[in-house]
There are 2 protein chains.
Amino acid sequence: MRQRKNSKELILDAAEAVVLEVGAAHMSLDHVARKAGVSKGGLMYNFPTKNALLKEMIARFIRQYYINRDKKLEDIEEGPARLFKAGILTALAPDKKRDSMGSSILAASANEPDLMDLLRQAHRNMLEDILVSGIKFERAAIISLAVDGLMFGRLLKTLPFNQNQIKKIEKEIMRLIDKEAEK
Amino acid sequence: MRQRKNSKELILDAAEAVVLEVGAAHMSLDHVARKAGVSKGGLMYNFPTKNALLKEMIARFIRQYYINRDKKLEDIEEGPARLFKAGILTALAPDKKRDSMGSSILAASANEPDLMDLLRQAHRNMLEDILVSGIKFERAAIISLAVDGLMFGRLLKTLPFNQNQIKKIEKEIMRLIDKEAEK
DNA sequence: GACAGTATACCGACTGGTCGGTATACTTAT
DNA sequence: ATAAGTATACCGACCAGTCGGTATACTGTC
């Protein structure tokens, strides 16, 4: 039964499912193995430590973000703020599964510096997109930070806004970008 | 030896110290008890469950925020945006210990809805302060969200800005508030 | 004011269970 | 044959919560 084809992918899928079920904090390797239809040994073979598994999950998560963003990119007309806008639209797009995963991952990573590194790096890349947008630094930063606030608030469910208010806010954000970009 | 006076406070202090040492995710009750100079039983007597302890810690954390804010309040001239400004200045003020605690608490709470409730409530109160400030809703929300983004970024150490840039951003935020408030 | 009875605060050994990781044997493709 | 890949059984550390017990303070009674 060598080569179950791509056990790694199977396991990552299962791990995601487990996280969605019980949260990353309560994700046990046995549970993941069971759900993946793989033995504990098989899991350990593919991911020597739990952190290694988590790391791959996060990497995959980030990869998915870029895929989504590149898809969004096609709908946006040329211009210096294009990347910036695509990133923001991607971040703002509602996506229950992603949010669920995200909050779990956040919780699991917050006290594990080497896991956080991946997220940090991804975030840093966004700064590049801001800097080439031509928008004045302070304004661009504030817009980007507001999007962060919206994201984190959504992940942690601490947003004190209703659906209607959020729509208004998102609209205003996009308006601001256009206004700042055309200067 | 009855009445160790205020074991609860002692234990809470110890719990904070432990969190600062190893992170909330790795805070064990034995560790807290040891550091507080209290037995396991004594701890459990005062806080029947670990969640109860965490809850008190968060409540205390939030209380401290309001104390800090009220102190800030004195330095701010009268005006409709006063509360809002004080809140933002408090949130933006650098405070290593608070940030450390905050990120740990965040991590511990993210998957425990009843712990999150406290934070959610505190956040909701801030919305009230926005709404009485007279600033146009969308603008006020964006400013507030940007502050959130700054806070979360600082807590999770994902901010892609250097110290100088952060100062600029903070200045711009305060400028925006003044500008929006005088309309 | 002394004593019994009760409530409060705390102790620390123990338990039940979880979970990351290890050891090792089995299976199949080349 | 051998090495990659998978399975099963197990270990040991950790840890939240339990429980029987102790010591001190409070309260009512005679």
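First the proteins, then the strands, lettered A, B, ... as listed; each starts at 1.
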Query raised in the report: Does A:K136 come within less than 4.0 Å of A:E180, counting only side-chain N to carboxylate O?
Result: no
Ignoring backbone atoms, test whether [X] places a side-chain nitrogen or oxygen under 4.0 Å from the OP1 or OP2 oxygen of [N].
{"X": "A:S39", "N": "D:dA7", "value": "yes"}
{"X": "B:S7", "N": "C:dC10", "value": "yes"}
{"X": "B:N46", "N": "C:dC10", "value": "yes"}

Residue [X], side-chain heavy atoms: nucleotide from [options] that is nearest:
{"X": "A:Y45", "options": "C:dG20, D:dT6, C:dG12", "value": "D:dT6"}
{"X": "A:V38", "options": "D:dA7, D:dC15, C:dG20", "value": "D:dA7"}
{"X": "B:D30", "options": "C:dT22, D:dC15, C:dC11", "value": "D:dC15"}
{"X": "A:L29", "options": "D:dG17, D:dT8, C:dG20", "value": "C:dG20"}

Query raised in the report: Taking all atoms of both residues into account, what is the closest heavy-atom pair of B:S103 and B:L155, and its distance?
Result: CB-O, 3.2 Å
**Report entry** B:L159 to B:R154 - nearest heavy-atom pair and separation
**Finding:** CG-N, 3.8 Å
Query raised in the report: Considering only heavy atoms and no angle criterion, is a donor-acceptor pair shorter than 3.5 Å present between the side chain of A:K40 and the base of C:dG21?
Result: yes
Could you check how far [atom1] of [X] sits from [atom2] of [N], rounded to whole Å?
{"X": "A:K8", "N": "D:dA4", "atom1": "NZ", "atom2": "C1'", "answer": "12 Å"}
{"X": "A:L10", "N": "D:dG5", "atom1": "CG", "atom2": "P", "answer": "14 Å"}
{"X": "B:E112", "N": "D:dA16", "atom1": "CD", "atom2": "C1'", "answer": "13 Å"}
{"X": "A:F47", "N": "D:dT6", "atom1": "CZ", "atom2": "P", "answer": "11 Å"}
{"X": "A:I11", "N": "D:dG5", "atom1": "CD1", "atom2": "C1'", "answer": "11 Å"}
{"X": "A:K50", "N": "D:dC14", "atom1": "NZ", "atom2": "C1'", "answer": "14 Å"}
{"X": "A:H26", "N": "C:dT18", "atom1": "NE2", "atom2": "C1'", "answer": "11 Å"}
{"X": "A:L43", "N": "C:dC19", "atom1": "CG", "atom2": "P", "answer": "14 Å"}

Query raised in the report: Hey, are A:Q64 and A:N68 close enough side-chain-wise for a donor-acceptor pair under 3.5 Å?
Result: yes
Query - Pairs meeting criterion ring-ring contact (aromatic ring centres under 6.0 Å, His included) with involvement of residues 116-155 of chain B, two or more places apart - result: A:F152-B:F152, A:F161-B:F137
**Report entry** Comparing B:G41 and B:S28 on DNA chain D - which has the more 5′ nearest nucleotide
**Finding:** B:S28
